[in-house]
K.L.:
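Here's a structure for you.
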Amino acid sequence: MKDININENDLSWDEWDELQSPRPAESEFDEVVDQAMSRRGFLGAALAFGSGAAVMGTGTLLSSTSAQAAASRFAFDPLPIATDFTVHVPAGYSWAPMVRYGDPLFSDAPEFSQTAALPADQADRVFGENTDGMELFEIDGHEVIAVNHEYVNLSVNLPERKAIVDAENEKAAAEAAAKGEEAPKKISLRPGSAAEVETIQKLQGVAVFEVARSENGWSVVVDSPFNRRITHLTEIDIAGPAAGHDLLKTAADPTGTKVLGTINNCGSGRTPWGTYLTCEENFNGYFGSTDESFERPEDFKRYGIGLSGRYAYETFDPRYDISQNPNEPLRHGYITEIDPSDPNATPVKRTALGRFKHENAASVIAPDGRVVVYMGDDERGEFLYKYVSNGVYVPGGDTSTLLDDGKLFVARFENDLTGRWVELTPEATDMSEAEIRIYTRMAASKVGATTMDRPEWVAVNPISAQGYCALTNNRNRGVKPNAGGDDTAVNGPNPRNENHYGQIVRWYPANDDHGSDAFRWDLYVMAGNPTVHDDAYGGSANVNPGNMFNSPDGMQADSSGLLWIQTDGDDDNEGDFAGQGNNQMLVGDPATGEIRRFLTGPNGSEVTGLTWSA
């Protein structure tokens, strides 16, 4: 463990990554400012251009005046900010909890307790916590939800262990005070036994369950045949170009085609054929080494795999000990496909979609029938990707290989508002097809992909050929390179140094074809605070004191083309974030540029996982 004086359990995943693997600062701030100023012509045009923030299919921006004059498509009055600990929605709407952490999915589930951990052999019989991506499927008249459980809060999941650790810390502090010494660093809360590790392994992953609506509202159908949990211990198939490669083989799986668990499941997606895509994000934080002298390979450093795992899995489960099983981390960081209609179907990791910190997966069918999947790599200075199948989707036909056999691309944005998708090929990267899928970040660096401000959710407009990506924030923009040493100076879609607010980039595929290699782009909105800043940090012109926000994260486009934007940012309501309140959900109309706040969440919460009933 590193010698620190903070509680690692209170850190975000990004902060934890920076603590474990600090990036070298290679750019002087003065040089960054000079570089930004040298691009003033472009930035002035782009920001004024983007100030209307809404671009039609032709690329012509609407002015703020014309946006105000246009008829609103919003069926609600916008909400003010909130700073309290509950949910708010507009007049005429209501909200209610449907399922909570510890609620049973099966009638044999243990009774929930706030003072005792769930038994290891029963922890996968309940609904987990820290939900993120979510989709609802209509299956033979039943409504079935699949939802991710991204991580755990040990103080909630292991209350008995927390009491022990708190007592030890209090005792150590008292002894130091009696001696007139400084208090020692606090012991971090971690599992203390294999059984506790198993409990939290089973609380994470994915929950699939049927829901039904009655006069009392929506609720879980306990014991529905659709109900299941996919956890860190569930057997999962590995498919695609990396399946069976030597890099994925372990003593437990000499074939390299079977793995236990899908890990740190963040955003989600759905396929046109009705399956759920769960996306592994911060998988690196689950691995560590019982040998402090273990020399990490370079690829571990690029992916942030360190010597100390966040939950001490490596102490009790050798599968997560990189000194014993160095190939195990290479078997995670993929998109996993789950069939919600068949609880006996084995989930499949689709390696053709690449290995990185997946946020979500937005699928769309190209005009020629090929399947296109857009994906963001949620880390500062990483990239935006696209997968295009070689085969075509035929409703009712065989879909088993559509996500295994295809081409993987990475985005390169030019400052003239054009861009192209660069294919990651053996010729371009000097890597094999399997290596490209396992070391996708390195492959993308080799072809000069554009470093982005943490690409989170991607959404595709269903009524117009447009894609959107939430670039949530990037305090390292213009300050230091990404983990691979790639340049992170300001660029077209990422035009602000030390970007604390985020923006949403939009692209228009050539010929309205998402399978095309070429596109045009603009900034749909730049988040900011116009009450604090009167420059680019104040945001684009469709951001005002009544709708301002920071850190766009989750996104969904509805059937009318409205863009629903969810945030996961700073909600302390102070300094640069004064007046922005809690995290929230807003709705944007791409046709007018108008954005309204629809929902505010409890203080301290992320707002994410939007889905609609059938």
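Just the heavy atoms: all of them, side chains too, but no hydrogens, waters or symmetry mates, feed the values below.
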K.L.:
May I ask you to check whether over 12 heavy atoms, not counting those of Asp535, lie within 6.0 Å of atom CG?
P.N.:
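Result for CG/Asp535: enclosed.
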K.L.:
Does Asp517 come within less than 4.0 Å of Arg420, counting only side-chain N to carboxylate O?
P.N.:
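Result for this pair is no, no salt bridge flagged.
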K.L.:
Could you please spell out the steps behind the ring pair (Phe, Tyr, Trp, His ring centres under 6.0 Å) verdict for Tyr303 and Phe356?
P.N.:
CA-CA 8 Å; Tyr303 281 87; Phe356 44 87; 8.5 Å; no
K.L.:
Would you list the pairs meeting ring-ring contact (aromatic ring centres under 6.0 Å, His included) in which at least one residue belongs to residues 465-495, sequence neighbours left out?
P.N.:
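Every pair satisfying ring-ring contact (aromatic ring centres under 6.0 Å, His included) with a residue in residues 465-495: Tyr468-Tyr524.
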K.L.:
For residues 383-396, which residue pairs qualify under side-chain hydrogen bond (donor to acceptor under 3.5 Å, both in side chains), counting only residues two or more places apart or in two chains?
P.N.:
Asn390-Asp405
K.L.:
Report the C-alpha distance between Val144 and Leu136 in whole Å, list the side-chain angles of each, state the deciding distance to 0.1 Å, and finish with yes or no for side chain to side chain contact (heavy atoms under 4.5 Å, CB included).
P.N.:
CA-CA 6 Å; Val144 178; Leu136 183 142; over 6 Å; no
K.L.:
Mind checking what makes side chain to side chain donor-acceptor pair (under 3.5 Å) contact with Ser400, not counting sequence neighbours?
P.N.:
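Testing Ser400 for side chain to side chain donor-acceptor pair (under 3.5 Å), a comparison that skips the adjacent residues, returns Asp398.
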K.L.:
Are Arg596 and Glu594 ion-paired here, with the side-chain N under 4.0 Å from a carboxylate O?
P.N.:
yes
K.L.:
The criterion is side chain to side chain donor-acceptor pair (under 3.5 Å); which residues satisfy it with Gln204, sequence neighbours excluded?
P.N.:
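Gln204 satisfies side chain to side chain donor-acceptor pair (under 3.5 Å) with Tyr286, Tyr313 once adjacent residues are dropped.
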K.L.:
Would you mind reporting whether Thr567 and Asn550 have side-chain heavy atoms less than 4.5 Å apart?
P.N.:
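SC-SC contact between Asn550 and Thr567 ruled out.
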K.L.:
Glu281: what forms a salt bridge (charged side-chain N to carboxylate O under 4.0 Å, His left out) with it, not counting sequence neighbours?
P.N.:
none
K.L.:
With a 4.5 Å limit on heavy-atom distance, are the side chains of Leu353 and Val373 in contact?
P.N.:
yes
K.L.:
State which residue, out of Arg477, Arg496, Arg475, fulfils the salt bridge (Lys or Arg N to Asp or Glu O under 4.0 Å) condition with Asp453.
P.N.:
Arg477
K.L.:
List the steps, then state whether side chain to side chain donor-acceptor pair (under 3.5 Å) holds for Gln580 with Asp576.
P.N.:
CA-CA 9 Å; Gln580 296 194 323; Asp576 280 345; over 6 Å; no
K.L.:
For residues 423-430, tabulate all N or O donor-acceptor pairs below 3.5 Å that involve a side-chain atom, not counting sequence neighbours.
P.N.:
from   : atom 1 : to     : atom 2 : distance (Å)
Thr425 : OG1    : Ala428 : N      : 3.0
Thr429 : OG1    : Thr425 : O      : 2.7
Thr429 : OG1    : Met431 : N      : 3.3

K.L.:
Going by the angle between their ring planes, with limits at 30° and 60°, are Tyr374 and Trp507 parallel, tilted or perpendicular?
P.N.:
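If you compare the ring of Tyr374 with that of Trp507, the planes turn out perpendicular.
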K.L.:
Could you check Thr488 against Arg380 for side chain to side chain donor-acceptor pair (under 3.5 Å), going step by step and ending with a plain yes or no?
P.N.:
CA-CA 9 Å; Thr488 63; Arg380 289 181 284 271; over 6 Å; no
K.L.:
With sequence neighbours left out, write down each residue that passes side chain to side chain contact (heavy atoms under 4.5 Å, CB included) with Cys279, or none if nothing qualifies.
P.N.:
Ile335, His358, Ala361
K.L.:
With no hydrogens and no angle check, is any side-chain donor or acceptor of His88 less than 3.5 Å from a backbone partner on Thr600?
P.N.:
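No; zero donor-acceptor contacts below 3.5 Å.
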K.L.:
Considering residues at least two apart in sequence or located in another chain, which fulfil the side chain to side chain donor-acceptor pair (under 3.5 Å) criterion with Arg454?
P.N.:
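By the side chain to side chain donor-acceptor pair (under 3.5 Å) rule, Arg454 matches Asp14, Asp378, Glu456, Asn473.
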K.L.:
Does the pair Arg302/Asp486 count as a salt bridge with the N-to-O cut at 4.0 Å?
P.N.:
yes
K.L.:
Can you list the residues that meet the salt bridge (charged side-chain N to carboxylate O under 4.0 Å, His left out) rule with Arg331, with sequence neighbours excluded?
P.N.:
Asp253, Glu328
K.L.:
With a 4.0 Å cut-off on N to O distance, would you call Arg441 and Glu379 a salt bridge?
P.N.:
yes
K.L.:
Does the side chain of Leu562 come within less than 4.5 Å of Arg73's, by heavy atoms?
P.N.:
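When only atoms from C-beta onward are counted, Leu562 and Arg73 do touch, with a gap below 4.5 Å.
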K.L.:
Any donor-acceptor pair under 3.5 Å linking the side chain of Thr351 with the backbone of Ala242?
P.N.:
yes
K.L.:
What verdict does the side chain to side chain contact (heavy atoms under 4.5 Å, CB included) test give for Val147 and Glu135, after you've listed the backbone C-alpha separation in whole Å, the side-chain angles of each residue and the deciding distance to 0.1 Å?
P.N.:
CA-CA 7 Å; Val147 61; Glu135 302 286 345; over 6 Å; no
K.L.:
Going by the rule salt bridge (charged side-chain N to carboxylate O under 4.0 Å, His left out), which residues pair with Asp368 if we only count those two or more places apart in sequence or in a different chain?
P.N.:
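Residues passing salt bridge (charged side-chain N to carboxylate O under 4.0 Å, His left out) with Asp368: Arg370.
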K.L.:
Within a reach of under 6.0 Å around NZ of Lys446, are more than 12 heavy atoms found that belong to other residues, nucleotides or ligands?
P.N.:
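Atom NZ in Lys446 is crowded, with more than 12 foreign heavy atoms closer than 6.0 Å.
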K.L.:
On the ring face of Tyr439, is Arg355 found with NZ or CZ under 6.0 Å from the centre and within 45° of the axis?
P.N.:
no
K.L.:
Looking at residues at least two apart in the chain, or sitting in another chain, which of them share a salt bridge (charged side-chain N to carboxylate O under 4.0 Å, His left out) with Arg350?
P.N.:
Glu337, Asp404
K.L.:
Which residues pass the side chain to side chain donor-acceptor pair (under 3.5 Å) test with Asp571, sequence neighbours left out?
P.N.:
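Asp571 satisfies side chain to side chain donor-acceptor pair (under 3.5 Å) with no residue once adjacent residues are dropped.
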K.L.:
Contact between Leu471 and Pro455 at the side-chain level, heavy atoms closer than 4.5 Å - yes or no?
P.N.:
yes
